[in-house]
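Notes follow the structure.
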Amino acid sequence: MKYDTENANVMKRKKIVAGNWKMNLNYAEAMALTDAIAGRMNENQETEVIVSPPFLFLHEVASQLKDKAMISVAAQNCSDKNSGAFTGEVSPPMIASIGVDYVIIGHSERRKYFYEDNLLLAEKVKGALRNSLLPVYCCGETLEQRNSGKHVNVVKQQIEEGLFHLDKMQMEECVIAYEPVWAIGTGVNATPQQAQEMHAMIRKLISGKYGEKTAESISILYGGSVTPANAEELFNCKDVDGGLVGGASLKADDFLRIIDAMEKVLSRE
Ligand code: PGA
């Protein structure tokens, strides 16, 4: 559901469960997973589901899901440029041209292994929005940064440098994913208290720059070892609007149970 800033009291912000497949699955496995998820989408479901396959399978997954309600597709990355001599890169207009809606930008693995910094990511966010792709902008601190008490400042800087060049309307198109690096793929998720504290901090930061209505309209997802066992308590937090799920999104049953957890939380609201 698109948030309506004129009717901030009646519209709810989007609740999202997104699966980040990373560099996993071969072609047959990716298509089987797409089938299994699509076949069990519920017409009445309120949760928006996003799947994020590797580039190679993006077109076919997007075609397969084209007519399905409440399920969208995201690329895992994009170039900051529109076109040109950049061997191996994939640009936002290319991604948009095959019916993809979202692009994950600034995942900690991109930051760590491909040296992507906030300034480059700001360019990618701009490029995505220029081409009507909705950014899922990731932020999050390392264990060392948390242990030395720097986590709030690190995440603040990631948000400010990566997103605060946007105008209000552009900002409202973004989804944010808070993913503490120490929780990604480790089996150690942030506690609901830790997640809520960081999500509230991010929302407050956005409110300070863009106003409360904009801040209230933005979905902030938690990522890092989300499983069927912990999803409900994480999604129960006031400022946690869903999850960006890695490992558990590769098994249809687990991913569907995480979607069910969000549906359960929504049914109580
Ligand atoms: P994980 O990954 O669920 O396997 O921890 C989350 C992510 O990196 O988005």
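Whatever order the structure lists them in is the order used to number ligands and atoms, beginning at 1. Because the structure is predicted, anything quoted here is derived from the model rather than measured. Hydrogens, waters and symmetry mates are skipped; everything else that's a heavy atom, side chains included, is used.
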For Asn236, enumerate each residue passing the side-chain contact (heavy atoms from CB on, under 4.5 Å) test, keeping only those at least two apart in sequence or located in another chain.
Glu232, Val265, Arg268
His59: which residues meet the ring pair (Phe, Tyr, Trp, His ring centres under 6.0 Å) condition with it, sequence neighbours left out?
none
Centroid-centroid distance, Phe235 to Tyr222, less than 6.0 Å:
no
What does the list of residues with a heavy atom under 4.0 Å from ligand 1 look like, ordered by chain and number?
Asn20, Lys22, His107, Glu179, Ala183, Ile184, Gly185, Gly224, Ser225, Leu244, Val245, Gly246, Gly247
Option among Met262, Lys15, Glu263 that satisfies the side-chain contact (heavy atoms from CB on, under 4.5 Å) test with Gln45:
Glu263
Would you mind listing every salt bridge (Lys or Arg N to Asp or Glu O under 4.0 Å) that reaches into residues 146-163, with sequence neighbours excluded?
Glu141-Arg146
Side chain to side chain contact (heavy atoms under 4.5 Å, CB included) between Ile95 and Phe55, intermediate numbers included:
CA-CA 9 Å; Ile95 297 165; Phe55 278 130; 3.8 Å; yes
